[in-house]
Amino acid sequence: MPTNRSNDHLNHLINCQRALDRLAQISRSQSTQEHSIPRPITEREEILIYLYSNFRLSMNPQEFYWKWQVKQEDIANICCRSTYAVNSWLAQGARYKTPSSDSLHHLALMDFLLENFEAIPKELLNQLCSFA
């Protein structure tokens with residue numbers, strides 16, 4: 001008999017698939033329209049918020065380091081951490097330190113940007129260049 005944890009995981013996967021199916025349906029039926037400011041939260045946005053809040057995008061430093069020809073300094077800059085911290089994430093044995101979930105999230109976002117650069121809207125790329 002499956003455990004509660006496996007039932008929870010299965011239910012989550014089913015809910016995610018239903019949400020993705022509904023997003024596709026909404027996308028097909030939605031026409032281009034002007035948005036008021038602030039934008040209203042529609043069913044589409046509620047589904048996206050649900051999906052985002054139930055999934056934490058992450059990539060570990062070893063995967064990123066093996067995938068991209070980067071230096072430890074690059075990973076440190078991406079994660080807003082020191083080179084010393086990155087070296088400890090890539091170390092073996094007693095010197096190894098676990099990276100924070102924020103650092104894993106930064107690496108996953110950077111991987112996404114590197115993989116999907118051509119598909120990123122110009123407006124979003126312009127925001128990467130602005131300082132808040």
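The analysis underlying the following values was restricted to heavy atoms, covering all of them including side chains, and did not include hydrogens, waters or symmetry mates. It should be emphasised that the depicted structure is a prediction, and the values quoted were computed from it without experimental measurement.
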Return the OG to NE2 distance between Ser100 and His105, rounded to the nearest 0.5 Å. 11.0 Å
Please round to the nearest 0.5 Å and tell me the distance separating atom CZ of Phe64 and atom CG of Asn60. 11.5 Å
Note: Trp89 and Tyr96 closest approach over all heavy atoms is O-CE1, 3.2 Å
NE2 of His106 to CE of Met59, rounded to nearest 0.5 Å, is 15.0 Å
Are any of the side-chain heavy atoms of Leu57 and Leu104 separated by less than 4.5 Å? no
Does Asp21 reach the side chain of Gln25, with side-chain heavy atoms less than 4.5 Å apart? no
Within a reach of under 6.0 Å around OH of Tyr50, are more than 12 heavy atoms found that belong to other residues, nucleotides or ligands? yes
Nearest heavy-atom pair of Ser103 and Arg81: which atoms, and what distance? OG-NE, 3.4 Å
Does the pair Ser58 and Leu107 meet the rule for a side-chain contact (heavy atoms from CB on, under 4.5 Å), with working shown? CA-CA 7 Å; Ser58 70; Leu107 290 173; over 6 Å; no
If you measure from CD1 on Ile26 to CZ on Arg44, what distance do you get to the nearest 0.5 Å? 8.5 Å
Looking only at side chains, do Trp68 and Asp111 share a donor and an acceptor under 3.5 Å apart? yes
Show the numbers, then the answer: is there a salt bridge (charged side-chain N to carboxylate O under 4.0 Å, His left out) between Lys67 and Glu115? CA-CA 11 Å; Lys67 183 173 181 178; Glu115 285 284 357; 2.7 Å; yes
Please say yes or no: joined through hydrophobic side-chain contacts below 4.5 Å, possibly via intermediate residues, are Leu109 and Phe55 part of one cluster? yes
Atom CZ of Arg56 with >12 non-hydrogen neighbours under 6.0 angstrom: yes
If only atom types and distance count, is the side chain of Asp74 paired as donor or acceptor with the main-chain N or O of Val70 below 3.5 Å? no
I want to check something: taking the side chain as every heavy atom from C-beta on, are Gln72 and Tyr65 in contact at a cut-off of under 4.5 Å? yes
Taking Leu124 as the starting point, is it possible to reach Leu114 by hopping between hydrophobic residues whose side chains are less than 4.5 Å apart? yes
Enter the distance from Asn87:CG to Lys97:NZ here, rounded to the nearest 0.5 Å. 12.5 Å
Between OG1 of Thr42 and CD of Glu46, what distance do you get to the nearest 0.5 Å? 7.0 Å
Within-4.5 Å side-chain heavy-atom neighbours: Pro61 and Val86: no
